[in-house]
*Asks:* 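What follows is a structure written as structure tokens; I'll ask about it next.
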Amino acid sequence: MIPLTHSLFVGALLFTLGAAVVLLRRELLFLLMGLEIMFNGAALSAVAAGQHWQGAEGQVLAIFLMAITTAELVVALILVWLAYQRFQAICVDDLVALRDGRSEDSP
Amino acid sequence: MSTWLWLIPGSPFVGALTIALLGGRLPAARLPWFACAAAGISALTVAAAWLGGAAQEPLRQTLYIWLAVDGWQPSVGFTLDRLALVMVTVVSGVGFLIHVYSVAFMDKEAEQRRYYFYMNLFLAGMLVLVLADNLLLLYFGWEMVGLCSFALIGFWYRDPVKAAAGRKAFTVTRIGDTALAIAIFLLFVQFGTLSFDVLFPLGEGDWEGATAVALLILVGALGKSAQLPLQVWLPDAMAGPSPVSALIHAATMVTAGVYLIARTHPLFELAPGVQWTVAAIGVLTIVYGASCALAQHDIKRVLAYSTVSQIGYMFLALGCGAYALALFHLATHACFKALLFLSAGTLIHSAGGEHHIGRLGELNAGSRTVQLCFLVGAASLAAVPFFTAGFYSKDAILTAAWVAPVGGLLWLFAALGALLTGVYIFRVYLTVFHRSAEPLLRPRGRLPTPIAVPLLLLAALSLSVGFLEFPEGSGGPHTWSTWLESELDLAKHPEHHTTRVLQALSALMAVAGIALAFPLVRRERAGKSLPWQSFLQTGWRFDALYARLFVQPYHRTASALARWVEQGLIEAGLNGLTRGFWVMAAGLRRGVEFGSVERGLTFLVVGLQRGHAMLSATQNGLLSRYAVSVTTGTLALLGFWLFWPWGG
Amino acid sequence: MPWLTVLIFLPLVGGAWIWVRANGQVEYARRGALFVTTVELVIVNFVWLVAEPGGDGYLYIERHAWIPAVGIQYLLAMDGLSLVLVLLTALLGPIAVLVSWNAIQHNWPAFAFLLLASQAGIMGVFLSFDLVLFYVFWELMLVPMYFLVGLWGHERRLYAAYKFFLFTVTGSLLMLVAILGIYFVHGEQTGNNTFDYFQLLNTDVSGTRGMWLMLGFFVAFAVKIPLFPVHSWLPDAHTEAPTAGSIILAGLLLKTGAYGLLRFCLPLFPEASAAFAPVGMALGVVGILYGALLALVQEDMKRLIAYSSVSHLGFVVFGIYAWNLHGLSGAVILMLAHGVTTGAMFALVGMLEERSKTRQLSEFGGLLSPMPRLGAFLLLFTLSSMGMPGLANFVGEFLVLAGVFQHAAGLGVAGALGIIFGVVYLLWMYQRAMLGALRRERRWVDLKRREMVSLGIFAAAVLWLGLYPAPFLDILQGPLGVIMESGPHLSTGEVSGGQ
Amino acid sequence: MYKLIFYLTAVIAIGAAGAILIVRHPVHAALYLIASLLALALLFFLLGAPLVAALQVILYAGAIMVLFLFVMMVMDLRPASNERLALPKGWRVPTLLVAALAVELAVVVFQAPLSGDEIWVSVGPKAVGQSLFGTYLIAVEVAAILLLAALVAVLYLSRRSRP
Amino acid sequence: MANDLVALLPFILLAMGGCIVLTLGVWRRYVSTWTMTMVTLSFLVASAVAAALWTVPQQVGAMLVIDGMSLVFTLAFTLGTAAIVLLAYGYAPTQGETRDEFLSLILFGTLGMALLASTKNLLAAFVGLEMLAVPLYALVAWRPSRPGAVEAGVKFGILAGFAAAFFLYGIILVYASAGTLDLTGISSSDVEDRMLTAAVILVLVGVGFKLALVPFHMWAPDIYQASPAPVTAFVATVAKAAALAFLIRLLSLQLPHVWEDLLPVIGLLAVVTMVVGNLLALRQQNLKRLLAYSSIAHLGYIMVALAAGNDLGRDAAIYYTVVYVIMNIGAFGVVAAVAHSAGDRETLSDYSGLGRRDPALGVAMGVCLLALAGLPPTAGFMAKFLAFGAAVDADRVALAVIAVLNTALAFFYYLRILVVLYKERGMVSVPRANGTIRIVVITATVATVLLGVFPGWLLNINYLNNG
């Protein structure tokens, strides 16, 4: 029998690794993969919690999670693709047109 | 009669208002006469008051309550008692005469409207000052005359020097005024009222604050009356037209200080130290003024210093408790000094604005009448015994000084002053009217009536007023002091024979002074080219010796005084004060306004801008950075809650 | 008739009407504005004449529920104190229009609207007796003023407008917190949540809490007055504002601060204010002397007058914190006097500027001969400003000092020194501008009839206040007496080490 | 044995996820991701969620990863030859953050209710289905609309331009 | 069940509307944009009407609760969205592209919001949040050929996903610690462990991202800048309000004890958000970015109200949120009105003289800005007044003072815009703003003032009647 904390910890580690990918990698696709890992860490936690409480809600959560993150991912992917198509943007560094300009002098 | 009391100040006030508002509509030629009429009505009312019994019983009139706060209700109200009656008579009488004189004197001036507006206003203010039944109203008049003085000194404002003189006068007297104001506040706080009627009976108790208040009032009086050390403005005030000098800076306004002290004398009697200070300042000023007068070449400046010196006598009298005598000298001085100023003004006028006595002499500007008038005035000033008013008033003061504490010293100084008075005024007289050379100008014809009449009237008064009060022990009547006795205490007198000696000595002083003037003038006229030996050769050895031993050192001392004390110490002091203000203000502006305050602001603004710039730099468009920020926030919130003491 | 509501909303509605209807017609706008302000003045005078104090000493009260959920009411009232300030507000209205007649070059309709709106806001401040309503008007009057300065001002108008707005708004927002504070304290004590001034008067706020709340109010008022360290906005705003703006700023806006002290700081927090009084008086003195000294070194006439305002308002604060009937009466009279005098001075400088396009004293000199009328008026107001007896300021200054001397002679002397300083800088200004030789040859035109009228009104007011202030003092005694009673009576010498 | 498999699988899932951090080629990353996801599916199964485990394999490892690979193909991504993966600029702060995140999440997770001797239950598809279409019916409906919305969005964005 | 259907009518109408508009797209040739807009509008209004007819309070199904709060917010969302639809119709840069897809996405997004405002189930909240977010990814990048559109979409998509991960993880941890996703269940069970609060903090992070609280704010200016103005308005106003509605319900109605635990955390967020938001706005020259920073600061003020932790704070937060929506719709409406076909006018100087050229728009913008700044008698003032009042009431005076000082600071940049609006030298040309935009702007302005003068309309609603 796996203690809840252990499985949650695995989920937390996955979540953290996903975050690490988002934070450390620059390629947009990697970022999306990082997000996937984060979501999966969460899903693991959900299922683990469901196991702990012995209810269906954990799994329901995981299923919703899959459906909804997929929807989100798809839209994000198409945007990444658009970015590549229009600007040949692969990395986050290629998308820095929107930013604070240098403040002009004002009273 | 009481119901018409308001007319005394009211008539010139209404005159002033009319000139201000409707002056443009009046024909220019009528304007002076209109102003004269306003002054005349005032003088007539005073005359009517004499007849109407003011000499016996004080007249009172309250016009309205000025302010009413917390049960305190200072009114706009007048009291015409004997003290006030004297003042009112002098002010309205001399004032009227000078108005008349101005008609001719100022007839070529462009801005007569302004002139007469201020003259009338001044008269009104001065009359309010002396008629006021409470200190607050007195202060009102006090300030009003100061203002008019300022405006009239600077009448020829296009000349910056003259405009500056006006400002100087105003500023310096304002120092005195503020002291007076503080005194008023202290009195108010102590007694809850400022009305003379209520105040002074109260003031006769034992009150510790009396000294402070008396001192403050003294400072106020010193400022207005141009006594040491606040005398500096008066000589400069001669920048104004001569009638102004005569009216304001000789006859009336400068004596307001004397009036004030006489009015508040119960207070001074509670503070004997201060009273003695009054006397001491008086004598010092006498000598100071006289010595300075000795060294002047500008005729009006001589007269100005002379005024300073003469008011010193009045202060001496006040300091000795001889209030009636102070007032007596005030009256006589008003006559002869006005006379002198008006004569001098006529001279200057006809000499085309020349002030230098030497050149006036060369120009031979004065006609016979003027010379005569000036002589009468000078004699009265120098206190030529027996037939001049100045003699009677000054002599009595000298006698009274003897019995004051340290009276011998006071007397000595005063007598010295008397001597010098003779010297300097006759130096002027001689220089201007007695020449050896042929005159450059022919004397003009007859004087215009508006000038001649006041001159002659004043001359007559300068000779006659003295008979109101004969010296102690002379057997003559003491009309003046007896009459005023009910309001002002009588002066104490020394023993009979001492009095006699003193009287003799003072008479001698006056004559000696005049006598000393002759060699002085002669020496002067010779200028530097005249060697000392020639004096000796012509047989005026005594004079020469005297001159060498006495006059010349005095001359030197006087000019040194003029130079060092006047311009050096005091002028520098005043300048220093002004400069000090300026530097302080500039320093404040630099240090605080643009420094701390503005810098604090700038610091804040720059800080905010830095903050903005730093934060703005984080908005660099980099996706990863944004994610980092989100993570940081999460960590911070979680950590804040998990690891902070108050965390769950 | 709900006269108080009329007083507040007539200018606002009239202004909006003008703005919308004028359609760019200058003549329509300025005549309309003149008309509205004159009607306002007439109404105020009418209200004054028919006023009869009710049992509680208030001449008029209007009370309607507004936001009952949080205890906010539409509560207007007028007592003597409000009345005199409302009078001043109404008086300055037509004058502000008159002096702007030709001076405002563009967009008169909007200018008229903003001018009238600020007048409405100030009326509201003087008449509101619900703290939230008061705050609403308090902020409301800033906005039009901001625009008046920012759009019609001089060279550095934006800087000045920002500074003005940010300073005052910071102060007043702190006041908002204090208002909320006293609201909740009152709610805690009585279970009755209300912003009603009359009820809040019964709140017992003592100790440190009272002090903090009082300071919250004080900061807002101190900025408006303005007192020494927070005065920095004033010279800029006054200098850069158009003439009418300067008149309203100096004549009315500064008064709202002093009014606030009188109306709110003292009665709501008597204990804290009593403890604070020595500091308040000291700040007053510092303001007096500091303003006077700074005025001395100004080259710009408007700046000079602005600093003189700092000095005069120092006197007002001085009198208020003396907290006796003399001091309070003097403070209020001085408020009126300062409003009139300084308003007139700004009007004069505005007229000079219209003629010469400059305000620098060094550019003037000897103007008395080409412009004797202007010179005479300037002298009159200068004299009033320096406390010449018989003119408006004297009465106020005298009473203030009389009040202060009862507590602290030392401070009183310091205040009296301020009078000397005043003479120095004002005469210096007058001399430099008017006397001496004519420095600039140009076609100087003396005052025209319109200008004479506006200055004449000022002059009449100055003389009235100086020679016969009794009517104003009379109607003030009631309300000021209430303020007196609200406080713990200060025994002499307790306040400061004077006497 | 059960525990061993669980922990071993967990290590695989974590290891594969960690590999994504350091691999250079996107396709490699995608493969590691698939490995991780499959390991997860096993974990789900071990935790008594067979339905989710199945869906994980089908949906994630199948559909989504194909999408990823498809996009990669379209984008024609390949790294410059034999280039070592450099640490990104400013790696220190994110690394620290990640470490801190791990610590804090661990702290949080170890607050979880302790389960001493729980019985292992498998919650089957039926229970899940009942919950889904009972309690969470509305959510399911909305999720359906959400998918529709995503579809609309993708269609719009992928259109080249309006006729 | 019939009752439930009636109660669900507003939601159903929104979903139906989306589908119908999509369907209309099939007959592209024959159905004009105007018609589609009107259809959308009518569904939104119908939804609003249906919501107005709700009997409150009631429980619908297992996940929804209909009470005063849901009523106010649903009305705000539907009507606000209606305003945005009108803005979009008149908006030049996306002219002709705001048709079926756009409108249906907007309607679906609104459905998500309505769900967020009424749910008491965390899972439903997640669904609602994503229902709102996913359409937004596309809307932000609408007409992808516009400069920055795609970049904004990518950034928004990835970052929102990142934040959603935290949100989701938080939900799961809540479930792990409490065993249920139903908020009522959580609050009734005596769970008071630290994990629950920590989990709620993670949820807070997810919501905070949507609200653009500092430090989760960095996306906001970029996305606001690049989105079409109506979408910006959508993201900035109703979308945020939806997240707020959920937060308010989560904290104040459902998890009061967690709320109490979190007060310091919320206070901290409030302070940082206000200060940073205002500082960032201080010298910003790009109007849309400036409004973004300003809205960040505003969320800080709302957090002040929530940090008070009392009923007044809750009411203040609700009032503030509604007012915030109206004011910002007004402000962004002006931006939309003056946009030219190539894109928005962005820098401040593009707006100089607007008030002179177009007095109505100028006054509207002025009033909205002053309301944002918090000047009486606008609703912006009343909102701040209540928010700060709540803080003072809760004895969090320091918080109130910081908020007040921030408000003062904020005046600086609002005034800067105002001055620009009335500068003498005006911009070259003002496009004749489409009537629909004008109507929206003016309505918002009037509502801003009316709600300020009569705040009782919102204050008298009893929010706390969850059965």
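Quick note on labels: first sequence line is chain A, next is B, and so on, each numbered from 1. Because only heavy atoms are used, hydrogens play no part in the values below, and waters and symmetry mates are left out as well, while side chains stay in.
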*Asks:* Under a 4.5 Å cutoff for heavy-atom pairs, which residue among E/Leu202, E/Val134, E/Leu111 has the most contacts with chain D?
*Replies:* E/Val134
*Asks:* Is the shortest side-chain heavy-atom distance between E/Phe102 and D/Tyr156 below 4.5 Å?
*Replies:* no
*Asks:* Would you say D/Phe6 has more than 12 foreign heavy atoms packed within less than 6.0 Å of its CZ?
*Replies:* yes
*Asks:* Name the region of E/Asn121, side chain, backbone, both or neither, that has any atom closer than 4.5 Å to a heavy atom of chain D.
*Replies:* side chain
*Asks:* Given a strict heavy-atom distance threshold of 4.5 Å, which part of E/Met63 is in contact with chain D: side chain, backbone, both, or neither?
*Replies:* side chain
*Asks:* Answer yes or no: is there an ion pair linking E/Glu101 with D/Arg159, defined by an N-O contact shorter than 4.0 Å?
*Replies:* yes
*Asks:* Would one find more than 12 heavy atoms of other residues, nucleotides or ligands at under 6.0 Å from atom OH of E/Tyr30?
*Replies:* no
*Asks:* Would you compute the distance between atom CZ of D/Phe110 and atom CE of E/Met195 and round it to the nearest 0.5 angstrom?
*Replies:* 11.0 Å
*Asks:* Take a 6.0 Å sphere around CZ of D/Phe45 and say whether it holds more than 12 heavy atoms from other residues, nucleotides or ligands.
*Replies:* no
*Asks:* Looking only at heavy atoms, what is the nearest atom pair of D/Val152 and E/Ser104, with distance?
*Replies:* CG1-OG, 4.1 Å
*Asks:* Does any heavy atom of chain D fall under 4.5 Å from the side chain of E/Leu107, the backbone, both, or neither of them?
*Replies:* neither
*Asks:* Any idea which of E/Val60, E/Leu64, E/Leu173, E/Val127 has the most non-hydrogen atom pairs under 4.5 angstrom with chain D?
*Replies:* E/Val127
*Asks:* Measuring heavy-atom distances to chain D, does E/Ala198 have an atom under 4.5 Å in its side chain, in its backbone, in both, or in neither?
*Replies:* side chain
*Asks:* Could you pull out every donor-acceptor pair under 3.5 Å between side chains of residues 127-149 of chain D and any protein atom, sequence neighbours left out?
*Replies:*
unit_1, atom_1, unit_2, atom_2, d
D/Tyr136, OH, A/Glu57, OE2, 2.6

*Asks:* Tell me, yes or no, whether the heavy-atom count around D/Tyr7 atom OH, taken from other residues, nucleotides or ligands under 6.0 Å, exceeds 12.
*Replies:* yes
